[in-house]
Amino acid sequence: KRDWSSDVCSSDLGVSANETNATTSLTIKGTDISLTPNTSAVRLGHGIGANGPGDISVIATGNIVLNNTGSGNAVIRTTGNVLLSAVGAGKSITENASALIIGNNLTAIADAGITLDGTNNAVANFAAQNNSSGAIALTNGVALSIFNDAGNSVNGVINSGRNVTLNNTGAVTQTAPITAGGLELL
């Protein structure tokens, strides 16, 4: 289990807030992957003052968790694409309400639920596939398009027979299908 905590190692993996136009592409692989801050934010990608390009992939055979601790939160920030994949049997992706994902395309793949509740999430395009149990939920603060991520074989939002909730500020459009037992748009 890898606990990417600010008390274990550097709290930032990517470029600093002072660098502009730097490209940061990251791929993190492991069993259970938890981004849990101690006293400040834990960040993958770019700093708050200088967002920039690059793709960020977090690939787990276990669970993926983006936490907050009251004094800091987990942040994934890029103008590129974000992939969160927790495909082991019974494994899920969970984001705490104070965590943050900023990116162009966000693709999430899990087996037992995808809950992305960050109230400051800002992704333009979303594709998700949940394979066996649990719901798909996304809270997002900008206009959103449901898209086909052909590179990761995820065509739209797929949660057959189970619920999908999109709590979105701004329009929600589709260039790919939503397949679900129930759909809630907030």
Side-chain angles (χ1 to χ4, degrees), residues 2-6 11-15 17 23-30 32-37 40-60 62-69 72-87 91-110 113-130 134-147 149 151-152 154 156-157 159 164-173 186:
R2 177 65 180 198
D3 182 8
W4 199 266
S5 303
S6 57
S11 61
D12 295 334
L13 186 56
V15 297
T23 299
T24 297
S25 290
L26 302 170
T27 299
I28 298 171
K29 294 182 179 182
D32 290 320
I33 300 174
S34 175
L35 278 68
T36 303
S40 63
V42 172
R43 176 181 50 82
L44 299 179
H46 292 270
I48 194 167
N51 198 6
D55 294 339
I56 298 172
S57 298
V58 180
I59 301 167
N63 297 306
I64 297 174
V65 179
L66 284 71
N67 283 316
N68 77 309
T69 58
N73 54 14
V75 177
I76 297 175
R77 184 182 291 114
T78 182
T79 58
N81 304 318
V82 177
L83 169 65
L84 302 175
S85 178
V87 295
K91 303 309 178 184
S92 63
I93 300 169
T94 306
E95 177 194 28
N96 189 288
S98 295
L100 172 67
I101 300 170
I102 296 175
N104 181 39
N105 294 337
L106 170 59
T107 300
I109 306 166
I114 298 167
T115 304
L116 301 171
D117 281 340
T119 56
N120 291 311
N121 287 337
V123 296
N125 304 292
F126 182 57
Q129 179 173 322
N130 187 46
I136 294 176
L138 172 68
T139 300
N140 193 48
V142 298
L144 181 69
S145 178
I146 305 302
F147 83 110
D149 184 347
N152 288 299
V154 180
V157 175
N159 200 24
V164 171
T165 301
L166 300 174
N167 184 352
N168 201 72
T169 301
V172 176
T173 59
L186 305 172

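Computed from heavy atoms alone, side chains included, the values below leave out hydrogens, waters and symmetry copies.
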Kindly say whether [Y] contributes a backbone atom to a donor-acceptor pair with the side chain of [X] at under 3.5 angstrom?
X: Asn168; Y: Leu186; answer: no
X: Asn104; Y: Gly80; answer: no
X: Thr79; Y: Gly52; answer: yes
X: Asn130; Y: Asn159; answer: no
X: Asp32; Y: Asn63; answer: yes

- request: Carefully, step by step, assess Thr107 and Asn81 under the rule side chain to side chain contact (heavy atoms under 4.5 Å, CB included).
  value: CA-CA 8 Å; Thr107 300; Asn81 304 318; over 6 Å; no
Distance (rounded to the nearest 0.5 Å) between [X] [atom1] and [Y] [atom2]:
X: Thr78; Y: Ile101; atom1: OG1; atom2: CD1; result: 12.0 Å
X: Leu100; Y: Glu95; atom1: CG; atom2: CD; result: 7.5 Å
X: Ile109; Y: Asp149; atom1: CD1; atom2: CG; result: 7.0 Å
X: Thr119; Y: Asn96; atom1: OG1; atom2: CG; result: 9.0 Å
X: Ile56; Y: Ile76; atom1: CD1; atom2: CD1; result: 6.5 Å
X: Ile28; Y: Ile64; atom1: CD1; atom2: CD1; result: 9.5 Å

Shortest non-hydrogen contact between [X] and [Y], atoms and distance:
X: Pro37; Y: Val42; result: CA-CG2, 3.3 Å
X: Gly54; Y: Ser25; result: CA-OG, 3.5 Å
X: Ile146; Y: Gly156; result: CG2-CA, 3.7 Å
X: Ser92; Y: Ala110; result: CA-CB, 4.2 Å

- prompt: Looking at Leu44, Val58, Val82, Asp55, which hits side chain to side chain contact (heavy atoms under 4.5 Å, CB included) with Leu26?
  reply: Leu44
- prompt: Looking only at side chains, do Asn105 and Asn125 share a donor and an acceptor under 3.5 Å apart?
  reply: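 Yes, a side-chain donor-acceptor pair sits under 3.5 Å.
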- prompt: Do the side-chain N and O atoms of Thr36 and Asn67 include a donor-acceptor pair separated by under 3.5 angstrom?
  reply: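 On atom types as modelled, these side chains qualify, holding a pair under 3.5 Å.
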Worked verdict on Asn167 versus Asp117 for side chain to side chain contact (heavy atoms under 4.5 Å, CB included): CA-CA 9 Å; Asn167 184 352; Asp117 281 340; over 6 Å; no
Minimum side-chain heavy-atom gap Phe126-Asn140 below 4.5 Å: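 The answer is no; the side chains never approach within 4.5 Å.
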field: Non-hydrogen side-chain atoms of Val164 and Leu166 separated by less than 4.5 Å
entry: yes
query: Yes or no on side chain to side chain contact (heavy atoms under 4.5 Å, CB included) for Leu116 and Val123, after CA distance, side-chain angles and deciding distance?
result: CA-CA 11 Å; Leu116 301 171; Val123 296; over 6 Å; no
